[in-house]
Amino acid sequence: MPIKNYIREKFGLNDNKILFGLFLILILLSSTGGIFQILEKGHPSGDDPIYHYKLINAWLRHENPLLNEKYFSAEGPYPPAFHITIAFLSKIFFSPPKKIMNILEVILFPLILISTFYLILKETDIYTSFLSICFLLLSIAFSDRARQVIPQAADVLLFPLAVYFFLENKKKGFLLISVFLIYNHGIYSLLLITSLLIYSVRYDGEKIKEFFKIGLFSLPLLIIMGPFLIRAFSVTTGTNSPQKELMFNNPTFAIFYFGIFLFISTMISLYFFKNKKRTRFENILILWIIVLLPLLPFYPDRFLSYVAQPIAIINGIIFADLLKRKDKRILFFIIMFFLTIIHLGIDFTVLHPAYMQIMRKWK
């Protein structure tokens with residue numbers, strides 16, 4: 001008896017339950033890096049959380065970093081939602097912010113994968129959702145930023161939910177998340193939300209009025225941060241990150257950072273996707289990619305880390321469509337599952353430590 005049939009008879013599992021169970025295994029494995037980081041180092045990974053920790057403490061001291069230059073980044077004041085949220089959690093759980101950030105180091109990345117999986121599942125099927133998450137986990141750029149306790153991680157956690165609320169016409173949820181995102185990460189989040197605005201203008205004019213509400217609620221932040229736009233632009237023209245310098249000195253690093261397997265599969269997917277009759281979800285994925293293009297010349301590393309999310313979903317959709325025969329779908333699923341596990345193991349033990357060593361040398 002084939003092992004798959006044996007498992008079904010023994011445990012009463014169908015294909016969807018098996019896929020969901022294996023997805024949970026990937027979720028558990030994705031938290032491993034955060035657990036090891038906290039057990040070994042006792043603090044979140046990366047250098048950016050140090051700056052955000054400083055802003056969190058400022059809010060806890062009832063200061064206002066938005067109006068105090070000693071807390072400004074190179075671009076000016078930093079949007080407050082991420083820091084206020086952690087400060088609030090610190091207060092209600094009677095825990096220092098460092099402990100809250102340590103917990104987020106462990107759970108934030110798995111939550112990002114769950115929210116992304118949920119969006120894809122609602123718009124496609126569980127097989128496509130599983131493949132998409134596997135493709136996403138094969139991107140070093142995505143995991144590099146999404147694993148850190150930083151506002152960008154909140155972006156990639158919440159924007160899939162914003163898309164879901166938008167598509168399901170859940171206006172209050174969409175408004176709440178969109179406004180939070182803008183207060184969380186300013187122009188980066190605004191780019192993401194712009195993809196849905198463009199979709200509304202092009203395909204669904206009834207939704208345009210929701211963006212006037214978003215703009216109205218976001219106006220206080222825009223007024224405060226508006227005068228610093230010129231300074232922010234001047235900062236983007238320099239070499240402001242080790243990843244950016246590495247890409248300029250050696251463009252092939254961009255492929256490695258994006259994910260070699262994801263890059264190759266994307267070339268295949270784009271060939272088939274360009275002639276595909278697209279669903280509303282797929283049109284949003286295309287706009288999601290397009291609105292991120294302004295980041296490419298200024299922040300190529302950020303561009304790759306953001307764009308990996310919609311591109312991985314497109315890969316999942318295309319490869320699920322291409323694999324019609326059940327035996328081929330099963331074989332490809334097995335390959336992707338084990339490839340993802342191997343990549344996670346190599347990433348935690350070899351790639352990420354080596355990558356962090358390169359970052360430290362750059363500094």
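Residue indices begin at 1 and follow the sequence shown.
When each of Y127, F117, Y118 is tested with F23 by the rule ring pair (Phe, Tyr, Trp, His ring centres under 6.0 Å), just one qualifies, namely F117. The ring pair (Phe, Tyr, Trp, His ring centres under 6.0 Å) test with H52 is passed by exactly one of H83, H185, H43: H83.
A search for side chain to side chain contact (heavy atoms under 4.5 Å, CB included) contacts involving L331 returns I335, not counting sequence neighbours. Partners of S115 according to the side-chain hydrogen bond (donor to acceptor under 3.5 Å, both in side chains) rule, which considers only residues two or more places apart in sequence or in another chain, do not exist here. Under the side chain to side chain contact (heavy atoms under 4.5 Å, CB included) criterion, L219 pairs with I223, not counting sequence neighbours. Partners of S178 under the side-chain hydrogen bond (donor to acceptor under 3.5 Å, both in side chains) rule, at least two apart in sequence or in another chain, do not exist in this structure. Among residues two or more places apart in sequence or in another chain, the salt bridge (Lys or Arg N to Asp or Glu O under 4.0 Å) test is passed with K122 by none. Contacts of D48 classified as salt bridge (Lys or Arg N to Asp or Glu O under 4.0 Å), with partners at least two apart in sequence or in another chain: R145. For P110, the side chain to side chain contact (heavy atoms under 4.5 Å, CB included) criterion is met by I27, S30, S31, not counting sequence neighbours. In terms of the side chain to side chain contact (heavy atoms under 4.5 Å, CB included) criterion, R202 has no residue partners (sequence neighbours excluded).
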Donor-acceptor list for residues 88-100 side chains, cut-off 3.5 Å, not counting sequence neighbours:
unit_1	atom_1	unit_2	atom_2	d
S90	OG	S95	O	2.3
S95	OG	F93	O	3.0

Only distances under 3.5 Å count here; give the side-chain donor-acceptor pairs of residues 159-168 to other protein atoms, sequence neighbours excluded, each with its distance to 0.1 Å.
none

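Taking 4.0 Å as the cut-off between side-chain N and carboxylate O, D321 and K276 count as a salt-bridged pair.
Listed by first then second residue, pairs satisfying ring pair (Phe, Tyr, Trp, His ring centres under 6.0 Å) with a partner in residues 311-338 read F130-F333, F135-F319, F319-F332, not counting sequence neighbours.
Between F303 and F258, the distance separating the two ring centers is not shorter than 6.0 angstrom.
Members clustered with L55: Y51, Y71, Y78, by chain and number, using a 4.5 Å side-chain heavy-atom cutoff among hydrophobic residues.
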